[in-house]
There are 2 protein chains.
Amino acid sequence: MREAREVTLGWRGKERIFGAEKPGLSKAMPEPKVAYCTYDGSGELLYGDNLATLRALAAKYGESVTLAYLDPPFLTNRVHHAKKKGKTLDETTELPAFDDRWTDRAAYLEALGERLVAVRELLLPHGSVVIHVDPKTSHYVKVLCDEIFGDDCFASEIVWRYRRWPSKTPNFQRVHDVLLRYRKDARHAPRWNTLYEPLAASTLATWGVNKQRAVYAESGRRARSSTTREATAGVPMGDVWDIGVIAPVARERTGYPSQKPEALLERLLQSLSDPGDLVLDPYAGSGTTLSVAARLGRRFVGIDASEVAIATATRRLSALETPSVPAYGSAVPSPSR
Amino acid sequence: MREAREVTLGWRGKERIFGAEKPGLSKAMPEPKVAYCTYDGSGELLYGDNLATLRALAAKYGESVTLAYLDPPFLTNRVHHAKKKGKTLDETTELPAFDDRWTDRAAYLEALGERLVAVRELLLPHGSVVIHVDPKTSHYVKVLCDEIFGDDCFASEIVWRYRRWPSKTPNFQRVHDVLLRYRKDARHAPRWNTLYEPLAASTLATWGVNKQRAVYAESGRRARSSTTREATAGVPMGDVWDIGVIAPVARERTGYPSQKPEALLERLLQSLSDPGDLVLDPYAGSGTTLSVAARLGRRFVGIDASEVAIATATRRLSALETPSVPAYGSAVPSPSR
DNA sequence: TTGGGTCATGAATCCGGCA
DNA sequence: TTGCCGGATTCATGACCCA
């Protein structure tokens, strides 16, 4: 009775997501190849279809992942290309990096749903998934995820606010992406480290850098607040993050489309995983997640089916392990703004 | 065939939304009462159920609204109270303002969906709807709206980012609401005025306050940009808005729960309506939309079914029209006890 | 008039205590 | 054992007062 009033997404053929073949049973499953492995074996990059690979990982390792970050295509119905600089500036070439064309929204959601179900199998009870989407797809993905993870496991909608060159359109400029976070198990204390942001200007002006504390009158009623001697760490980080897109000339930039800033992944990994934890990225792309994981001492597994992605990520990871080459960015956590 | 693959929300009893009785046919429809009307007749506040009232308005006026702003309850499953200050601080009393309890999510979506269908009937071809929700409900509401308005009429997801006191939670602090904007008709140029934000600090440092212009080499390739003599108006406004919540001691504050800042409504009205246009708010509450509409020279219609809301909004609107009393007269101790 | 210092209190969220 | 209620936590910000 109650069940029948659940609100879910519906389309023809949806059952495919949940009725998926069990891991290891499909004969046609191509064996994923190890494209890169760190010197100490703490991280690897796998070349192959991510669905098949996720199922193979689940069969082999079971629950082992503390944080899974998924940066799937955004249902743009286009092929995205990687830019590669030639010797001269005119010789810049483009190679197809990934294909984001779908017969319809249902096909897109089926593909993503199957992968989310497989990722969930790999999560530890205190683990999280973060799915990176845009404001056109986020709503469908959230409703789908509520069904897969349970709406009581929904933790946060994180808004990544960036700044970019404005376009001339009779509308508010689109300057944000959305990250959905789910927990594996609502009854388990999640892995969590609180990060802090700087205080608001008005707070600094009024209270300075010391902690506030409420003061109560003898009657028990609230009186004025006072400051303490103790310095505050700042305000606990919110769910709206102001992080610049990677500038066209940034050192970090690889030319791979859809590349995300390292600062974004740093925040996620620092708050949702500890050193030594296993981080998973089934849409590894240019390897930002893996690179940040390596720098922050997390173990990692990345998967991608695109040759260009594998080449880009491999190059990036090797550069990290070669001490003579400076690593990207600094390990210093950057406060917002 | 194609139809069957549409992705929509499903639940038992959903057909109610679209199969609603036609306006004017229900005998039991209570006649809405005019609770307040401006001196020149350009704005009014109606006391009654908003669904019945919207249908009555549609029958009477047809398409006439340029901007509809809806601030429905957020599915909190609680009753929300208005605070009323007594003579002494101890005498602060609470009155129930609105009831946000539902049997399930489906019931909530049915109620909202019926109202959205009725609101759509009232929109001019170049009109917009803006629905204010929180990150727990926004996704369901967006999927529902895609069905009602068509996903090609989805215009923006606006993120209202605010600052508030922190809570101790092993999660990112929730510090944003979501506003969904839809157009009535994708083939019609929408009502639109571009607003501007101040330049980012980094831009100011590099470029100063003058307009940038891209410079192209003779080959047609992009060279470095230059500044022009002309001062820039700033960056066209984005879809992430940093606006403070109404401070506990602000004049603007009425004590009504869920009250929204006037700054938020100002941005919406200025960009999505012109002076003289008709603005509709079916969940008028404390009357912020109406008050801002009156100040900005827009015509307006507000509806609410709560006595406390009607009293609060009426007080606020009268204060605006009484020149001897400073605007925001709501902060003045009310004469009634 | 402008500017700095003081005050009040909130669409929060967790946790512990008691039913 | 589970579920509800109240206490504790401690940032943000406009109003006000006074120099």
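Throughout, protein chains are lettered first and strands after them, A, B, ... in sequence-line order, and every chain is numbered starting at 1.
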Salt-bridge criterion met for [X] and [Y] (N-O under 4.0 Å):
{"X": "B:Lys260", "Y": "B:Asp177", "value": "no"}
{"X": "B:Glu197", "Y": "A:Arg163", "value": "no"}
{"X": "B:Glu157", "Y": "B:Lys142", "value": "no"}
{"X": "A:Lys136", "Y": "B:Asp146", "value": "no"}
{"X": "A:Lys184", "Y": "A:Glu63", "value": "yes"}

Below 3.5 Å is the cut-off: list the nitrogen or oxygen pairs between protein and nucleotides 1-8 of chain D, distance only.
none

Report the distance from atom [atom1] of [X] to atom [atom2] of [N], rounded to the nearest whole Å.
{"X": "B:His132", "N": "C:dA11", "atom1": "NE2", "atom2": "C1'", "value": "10 Å"}
{"X": "B:Tyr256", "N": "C:dT9", "atom1": "OH", "atom2": "C1'", "value": "20 Å"}
{"X": "B:Tyr162", "N": "D:dT13", "atom1": "OH", "atom2": "P", "value": "13 Å"}
{"X": "B:Trp160", "N": "C:dA11", "atom1": "CH2", "atom2": "C1'", "value": "9 Å"}
{"X": "B:Glu262", "N": "D:dG14", "atom1": "CD", "atom2": "P", "value": "13 Å"}
{"X": "A:Trp207", "N": "D:dT13", "atom1": "CH2", "atom2": "C1'", "value": "10 Å"}
{"X": "A:Leu204", "N": "C:dG4", "atom1": "CG", "atom2": "C1'", "value": "15 Å"}
{"X": "B:Gln259", "N": "C:dA11", "atom1": "CD", "atom2": "P", "value": "9 Å"}

Between C:dG10, D:dG14, D:dC11, spot the one nearest the side chain of A:Leu199, thanks.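 Per side-chain heavy atoms of A:Leu199, the pick is D:dC11.
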
Tell me, please, which residues at least two apart from A:Tyr182 pass ring-ring contact (aromatic ring centres under 6.0 Å, His included).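 Counting only residues at least two positions away or on another chain, A:Tyr182 forms a ring-ring contact (aromatic ring centres under 6.0 Å, His included) with A:Phe149, A:Phe154.
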
Results of side-chain hydrogen bond (donor to acceptor under 3.5 Å, both in side chains) for A:Asn171 - residues two or more places apart only: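 Per chain and number, A:Asn171 pairs via side-chain hydrogen bond (donor to acceptor under 3.5 Å, both in side chains) with B:Ser156, B:Arg181.
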
Tell me which of B:Ile246 and A:Ala205 sits closer to the 5' end of DNA chain C, going by the nucleotide each one is nearest to.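 Checking each residue's closest nucleotide, the 5'-ward one belongs to A:Ala205.
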
With pairs taken as Watson-Crick or G-U wobble and both distances under 3.5 angstrom, which stems of at least three consecutive pairs involve DNA chain C?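 DNA chain C forms these stems: C:2-10 with D:11-19, C:12-19 with D:2-9.
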
Reading nucleotides 12-19 of chain C from 5' to 3' and marking B where a protein heavy atom lies under 4.0 Å of the base, S where only the sugar-phosphate is that close, and - otherwise, the string is BSS-----

May I ask you to establish whether A:Arg267 and A:Trp241 are in a cation-pi arrangement, using a distance under 6.0 Å from NZ or CZ to the six-membered ring centre and at most 45° from the ring axis?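 The answer is yes, since A:Arg267 meets both limits relative to A:Trp241.
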
Has the side chain of A:Gln212 got a donor or acceptor atom sitting under 3.5 Å from an opposite partner on the base of D:dA12?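 Donor-acceptor pair under 3.5 Å: yes.
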
Under 3.5 Å, which protein N or O atoms sit close to an N or O of nucleotides 16-19 of chain D? Give each pair with its distance.
none

From CZ (B:Phe98) to CG (B:Asp304), nearest 0.5 Å: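 One finds 9.5 Å between CZ of B:Phe98 and CG of B:Asp304.
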
Between [X] and [Y]: side-chain donor-acceptor atoms closer than 3.5 Å:
{"X": "A:Thr66", "Y": "A:Arg191", "answer": "no"}
{"X": "B:Arg105", "Y": "B:Thr137", "answer": "no"}
{"X": "A:Thr8", "Y": "A:Glu147", "answer": "no"}

Using modelled atom types only, decide if a donor and an acceptor are shared between the side chain of B:Ser306 and the backbone of B:Ala97 within a distance under 3.5 Å.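 Yes; judged by distance alone, with no hydrogens or angles, the pair exists.
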
Which part of the nucleic acid does A:Thr232 contact within heavy-atom distance under 4.0 Å: base, sugar-phosphate only, or nothing?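 Sugar-phosphate contact only - A:Thr232 comes under 4.0 Å of backbone atoms but never of a base.
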
Remember a base hit wins even if backbone is also touched, and classify B:Phe74 as base, sugar-phosphate or nothing at under 4.0 Å, heavy atoms.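 Result for B:Phe74 = base.
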
On DNA chain D, nearest-nucleotide positions of A:Gly234 versus B:Val249: which is more 5'?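 On the 5' side of the pair lies A:Gly234.
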
Parallel, tilted or perpendicular: which fits the ring planes of A:Tyr69 and A:His132, with parallel below 30° and perpendicular above 60°?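 It falls in the perpendicular class, over 60°.
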
